[in-house]
Each structure stands twice: as structure tokens, then as C-alpha cells.
Amino acid sequence: MMTTMEIFKTEKEALATVQSNQTIMVGGFGLVGAPLTLIDALVELNVKDLTIISNNLGEQGKGLGKLLLQKKVKKAIGSYFTSNRDVGEAYQRGELEIELMPQGTLAESIRAGGAGIGGYYTKTSVGTDLAKGKEIKVIDGEEYVFEKALKADVAIIRAHKADTLGNLIYYKTARNFNPIMATAAQYVVAEVDEIVEVGQLKSDEIVTPHLFVDGVIVAKKVLTKEGVVDNG
Amino acid sequence: MMTTMEIFKTEKEALATVQSNQTIMVGGFGLVGAPLTLIDALVELNVKDLTIISNNLGEQGKGLGKLLLQKKVKKAIGSYFTSNRDVGEAYQRGELEIELMPQGTLAESIRAGGAGIGGYYTKTSVGTDLAKGKEIKVIDGEEYVFEKALKADVAIIRAHKADTLGNLIYYKTARNFNPIMATAAQYVVAEVDEIVEVGQLKSDEIVTPHLFVDGVIVAKKVLTKEGVVDNG
Amino acid sequence: MANPIQELIAKRAAQELREGEVINLGIGIPTLVSKYVEDKKVFFHTENGMLGVEDVLEEKMDPNLVNAGKQPVGEGVGSSFFNSADSFGMIRGGHIDVAILGVLQVDREAHIANWAVPGKNIIGVGGAMDLLEGAKKVIVTTTHTSKDGKSKIMKECTYPITSNRSVDMIITELAVFRYLDGNLHLTELMPGVRLEEVEKNTEAEFIKSLE
Amino acid sequence: MANPIQELIAKRAAQELREGEVINLGIGIPTLVSKYVEDKKVFFHTENGMLGVEDVLEEKMDPNLVNAGKQPVGEGVGSSFFNSADSFGMIRGGHIDVAILGVLQVDREAHIANWAVPGKNIIGVGGAMDLLEGAKKVIVTTTHTSKDGKSKIMKECTYPITSNRSVDMIITELAVFRYLDGNLHLTELMPGVRLEEVEKNTEAEFIKSLE
């Protein structure tokens, strides 16, 4: 991170440093816990050939699904693209590279990237098509597959509250990939429901300590029962 | 874990299944966050040849230092034994095997053991005596050393509060190795300041979900400014 | 709209669960299992990051509180939330007692295929492979045959398998099979089902071990 | 009891810290650095699992709130606690701006030795190796010579090194060195120190680059 955390007024400023060909982690499980405001800003940017690391590519025409329709995504790394049929079609047309990973491997590789681990061995996917071409190591008599850490240039994440230092807490299952992505990118911006004074978040409940966070912005798009709506 | 969490009245019951030759993880950084009541119970058990995984072996004659003096420890795996000079002496006399690991490697190996990771690559210790004989792998042009996961038969840990399901929260820097050790052993007992009703710990503040915990017991020995004292 | 065959299978699966167990439910029929646990105290884990999932009334639904199928769920007393890396640490690390999963195919060695169909635009694996590696016990719930009447319990999976690990149990609307000592054992006929029906609709060999 | 040489070195080290940085302080002289940051807002991280360490008054000491040297510390506003695996994830993952460490020896390639002495009963490494791999900048604070008058800035470390990584800066009571382009550069004399004193007490070659 940079040494001073910024509180951004506009999502355009928050993403001012994003460039073509970068790798971008995007939090969320489907639309739940996805940084919808920052994703919309990403869609507006004049960039292309992005590599997106995210569990899904949103839904059809929603969230990251918009970015895909704009053909700004060169490659998607994730675990479940079936819920957006545009992904399969872009892939069949040869417009999109896909790296499919088991969800646990995706999560673990992101955590490894953030924690300075170069790679690790998991049993998950041993003996399946997803392990093809990957190194196998026998540890204590069992086969494991080697997986490399994932890192990114930028992570855009969704949290519940930030304090003015950049400490973050999350809301229920909107936590998902967000805290680990906060650790694994050079530049991390969090979209939050509310920014509170330092001291308002208890030291024992902070999930993401501020040293991971470069900027925060209040969410302008939020997920409700009625779908994605503008916030206030 | 077993399917039902037990609230133990006596520390002897809590450790009834411990046997000679087992590997035991013990939480704490020195005496801070160490399960002092359960350590004392371990000292009383008629077992020997234990392998202890803990950052330190307590202090001279305190905490795990007592277990060492009783010659019940066959091997110690940890990162910093200098603060208990009995350790160096037992080692020189050939009474104790030692596996010294960088503190971050110790923590990461325990986490890996709990998370079903067989082993991983870290840059820490590359080029030093502690990497001698270990596999080196070049990942993205940089050298990493292979480290294996650590697991244990039993973990005894210290938490602040437990609810009656076994969910745990920790107190300030007494957290240290405790939450990760809770994940990495077959049988996990936590010593706590207080056992509260389910629902008293907020779902967002629980650090160790109850699925990791087999038993809890209220601490009878606590660390105070005046040293280790009996609780009530 | 309740599908009686699915409900029947889910109900039978629920009987396998024991007090205090931690259960992970896959998408489809497995999701229905939670309705049938009755007063057994079990704990549902969902891989997106929660322990203590409960069913929820429509008026209490929260769009940011969902299960692995992205359906709104409720929050039991004593539940907890965690990030996806920690959640899969629980799965791979052997901390989940039972996973109940749907399948496309299962073979005579109880290997399952449930994540890919060659030639089709299905590009997703989710948590299935992790659950198969990590859960202590895996139960498959599935209709016995596919829509075109073919047996889903096959000699050999024709779709890519999900794991080298064999599942422990298969529950369909016709029967219950257990995988023991390298063989599928038919241990139970569902109510009103005759043995011949099971034999006719099962491609894989199995041993008759009716109790 | 304040040792004036140690305080001098710590004070000089504090001048290197910049607003907003995250700093990890080793045991010994580094621990003293926090006294001298004045009104610069920096954040102290300790590897046992805390961000936001502050000095503490004796009456407020809490035996369960300690730094990596096991000394009682205070809790700044906005501080947070985490487990040791997460804490070292921060270190190895490159999230600490500056580590200030003590050493036994440092050599002309700015490799340090600070964890083992051959033949002595020192069996501990702690977090030193992780900090050397992970911290963006490493500053060494040390007395220039050992108790028997030998230079600690040596041609080659005779004790086992702590890492392949060279440190960025060495601060002693006599001088400040920076490691640039493969050479030690003497960039500063401490107040009242003459160049000859530094030359006499430094075994390793260095380039004179006084500003």
C-alpha cells in the first residue's frame, strides 16, 4: 500500500491508476459482497486486456458481466462462470481466456499471494482434468498438486465499514473473498457502506487492518432484495 | 473434533485421552496466551516422549518449562528457546531434540496443517543454516524453501471467552498462535476466562468457529502483572 | 414448487445426519435436506463463509446473507462468518463431518462427475472438488436416472470426474447404496420400490446387501 | 536506565521514518525508536499479532498486551489484533514498510547475523528471518563495536547469516552507512565523530559518500 490512506469522493479518482493489461482482483461471490460502484467505474474506464481474478464474472449484464460485454477482459481466473452464460459464449468465440480453479484453490492462492507464500500443495483436483499438466508431489504418502500464488496490481473490494485509517469490517456473507484480496494486490480500494472515525471499530473486531488498504469510497450502488439500486 | 463439545470441570478430564509419544500443540507466546491450567495438568500426567509444538518452551520452571524439567518432552518444535536456558542445557545433554523454525514458518506450517495444505514455499530462511537439506524451488525467478505442514494429536490453547457451543474469542495479544493451533489438531481443548451462553458472542466477532473445538475449561491459573496466580 | 421425488431423497438423506455434526449442502436436492433434520441439532456450513446456516422466512431475507447456491438463508444462534480461504481451510482440513452433493454421474467405484459436461458451455467447478477431498463423509443425492431415462449410476463416468475419492453413500428415489470394500452395496430399497426396478435402472454392478 | 549510546542510535533511526509508515521494531535498541518519532504518525507492528503498538505507562500495563520482546505495550486508537500466521503474512507478504533490527554482525554486502552464535546455547530465531525477507526497508541499529572492541561491521560475518537479503542502512553511535549498488557507503558521521574513528573501527571496506 501507499503510506497514506485516501478517502475518495469519486470512483473515477479511486481507479485513476488502473491501466490496460493489469491484473485486477474483484471481491464478491456473485453480486454478494461485490464492489458494485467500483465495478461500474471500471466499466467506464478507457482500458482493455484486463485479467480479472474473481470467483465469477458477475451475472449476465450485471456487475463484472458488464465489463465482459465491453470486451475489456482478456482473461478471467475464477471458479464458477456457469451463472453468466455470456462467459461461455465469449470463451467459445475465442474472445476470452479462462483459468478455471476449484473455489478453495482460488481462495488459497489469493491468500498465499498476500502472505508471501510462493505456492503450495493441495489434494484438491488431484486426478481430475484441472490438475492436468500440474506438478504432483507425494507428501506423507498422499498425492498433492502444486498451485502457485496469485497476486494482482489492483484489488477492488467491498466491506461494510471503514474507519479513517482504513481498517475494515465486513457484513455477514458479503465477507467472502474480500479480506484475502485486500492482502494480495499492490493497490487496494474498498467500497463501504459507511466511513467512521478511528476508534469506532473495536480492535478485536477489525478483520482487515489498515496496512492493507490504500483507499476507501462510500458505495453508490448497493445490493438489495430488489436488486442493485442507487444508494441515496 | 468430536461431534459434541464438552465443558470440562477438571483439567484432568480434559486431558484424559493424552498418551505418551503424542504430538501436542501448545498456544502462547512465552506465558502470554499460554493455557497455564492445562499445561500444569499435562505436567501431572503419567506420559512421556511428547513432541511439543510451541513457539517457546515456557520460561525456566514456568509453563512448559516445568514439563521439560520432568523430562516428558522428547522433541520441541518452535522458534525461540533462548528465553528458557534449561532448553539449551537439555539439548546439550542430548536429552531433547529440537527443530528450530523461523517464527513465521512455524505459524504458517500450523495454519497449513489445519487447512489441508500439505506444504508450501516461503522465501524465509533461504540461504541460511535453517534451510540446509531442504528443497529449494525457483518460482517466478526467486528462490523459495519447501516447508511441510504441521499437525498434532492434541492442541491445548488459551482463549478469552467460549460460548457453550465452543465458539471462541481471544484477548488482545494473547491471541497469537491459539486460533491456528485450534485448527491443526485431532483433539482441541481451550482454556478460557469465561464460558457464556450461545448468542452472547456476536457472529462477526467469533474468531474460532465451534467446529474446531472439542472441549473447554475455565482457567484456574492466570497471568497477571504479579506473575501466574490461582484464579479465584 | 416442491418436487416429491427430490423431497423424498432429501428426507432420506437427513436421516443419515447425527446430532452435533457439521454438514455442507451442495446445490439442488442437497439444499432441501435442512428442512428434514427436525429436532436434531446439526450445523450447516456453507463454503462462501458461514457456519450456522438456517432456513429463512421470506420477510426476513437479507440479500447479503446467502448460501453457496446464492439463495438467502437465515442465521442460527451461535453462527459465525469467515472469509473464503478460512472456509475452504475448514473443508480441506477435514473439519466438515458430512458433505451432501448432487451429481451428474457416479460410477461403480463411487467416483462422481458433477462439474463438467464435454462440449457444453459449463465452465464452473465451485467447491465440489474441495468438499470431496476434505469432508469426512460424502453422501450423493440424485435422481436414479437422467431425464432421458439413462442410469446415472454407471459402470464408468463418461464425464470428467470430480475427485479420485469415492463417495460413501448414494441416495436416489429408488434405493440407497453404500460404497464398502471397493464395491457398491445396495443396502436399502426406498418405500414401495422392487429390487427389479433398481436392477433395471442401475448400469453399474452392485452387491445386494439389503438389511 | 537509559544508555546514552543506545538512545542516540535510536533517535537517529527514528528520523528515517516517514508519516504513515508501518514499522516493525526488533528487540534491544530498536525498541527505543518509538520514543523518538515525536508527532510523526507512524504505526508500529509487532509480529506476535498487533498493529498500533504504543508505549504504555506503568500503571496501565496489561500482562496480556505485549510486543515481540514480551514487554508490556499500549494500544493506540485504531489498533488491531490478529493471529501469528496472519501477522507473518503481513511481514512476508511485503506489507511492512520498515523493519529496524539489532545485529551481532553485519558484513560488507550488508548481510546480517543476529540469531546464532556457534558453540553457544542460543537456540532461537524468532521473526528475524521473516522480517529480512519481507520488510520493504531494513535498518540495522547497533553499537559500532562489540564489548571487546571488535568491529561489528565486518568483511564477512563469522556467525550464521540471517538472510541472503542485504539490509538498506546501518546506524551506529559513530556513523550511518547505506548499502547501494553492492557497496557500503558511509553517508553520515554522528555528531562530533571524526572520519578516522569510523575508519579505525570498521573492518569492512566502505565508500566515503559523506553528504
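Keep in mind it's a predicted model, so treat the numbers as computed, not measured. Chain identifiers are assigned alphabetically (A, B, ...) following the order of the sequence lines, protein sequences preceding nucleic acid strands; residue numbering begins at 1 within each chain.
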Which residues in residues 71-80 of chain B have any heavy atom closer than 4.5 Å to a heavy atom of chain D? B:Ser79, B:Tyr80

Looking at every heavy atom in both B:Phe29 and D:Asn67, which two are closest together, and how far apart are they? CE2-O, 3.7 Å

When the side chains of residues 55-64 of chain D are checked against the rest of the protein, which donor-acceptor pairs come out under 3.5 Å, sequence neighbours left out?
from	atom 1	to	atom 2	distance (Å)
D:Asp55	OD1	D:Ser34	OG	3.1
D:Asp62	OD1	D:Asn64	N	2.9
D:Asp62	OD2	B:Tyr171	OH	2.4

Could you tell me which portion of D:Ile91 (side chain, backbone, both or neither) has an atom closer than 4.5 angstrom to a non-hydrogen atom of chain B? neither

Could you tell me which portion of B:Ser83 (side chain, backbone, both or neither) has an atom closer than 4.5 angstrom to a non-hydrogen atom of chain D? side chain

Given that the side chain runs from C-beta out, which part of B:Pro102 has a heavy atom under 4.5 Å from chain D: side chain, backbone, both or neither? both

State the CG-CD1 distance between B:Leu96 and D:Ile123, to the nearest 0.5 angstrom. 8.0 Å

Could you tell me which portion of B:Glu226 (side chain, backbone, both or neither) has an atom closer than 4.5 angstrom to a non-hydrogen atom of chain D? neither

Please list every donor-acceptor pair under 3.5 Å in which a side-chain atom of residues 149-158 of chain B meets a protein atom from a residue at least two apart or in another chain.
from	atom 1	to	atom 2	distance (Å)
B:Asp153	OD2	B:Thr23	N	2.9
B:Arg158	NH1	B:Asp193	OD1	3.4
B:Arg158	NH2	B:Asp193	OD1	3.0

To check you understand the geometry: which heavy-atom pair defines the closest contact between B:Gly104 and D:Arg92, and what is its length? O-NH1, 3.3 Å

In terms of heavy-atom proximity below 4.5 Å to chain B, should D:Asp86 be classed as side chain, backbone, both, or neither? neither

B:Asn178 portion near chain D, given a 4.5 angstrom heavy-atom threshold: neither

Counting only heavy atoms closer than 4.5 Å, note whether D:Thr162 contacts chain B via side chain, backbone, both or neither. backbone

Smallest separation among heavy atoms of B:Thr173 and D:Val66, with atom names: OG1-N, 3.0 Å

For chain D, find its close neighbours in residues 120-129 of chain B: heavy-atom separation under 4.5 Å, sorted by number, or none. B:Thr122, B:Lys123, B:Thr124, B:Ser125, B:Val126, B:Gly127, B:Thr128, B:Asp129

For D:Phe81 and B:Val207, run side-chain contact (heavy atoms from CB on, under 4.5 Å): C-alpha distance rounded to whole Å, both residues' side-chain angles, the deciding distance at 0.1 Å, then the answer. CA-CA 11 Å; D:Phe81 298 100; B:Val207 173; over 6 Å; no

Rounded to the nearest 0.5 Å, what separates atom CG in D:Leu131 from atom CD in B:Gln103? 9.0 Å

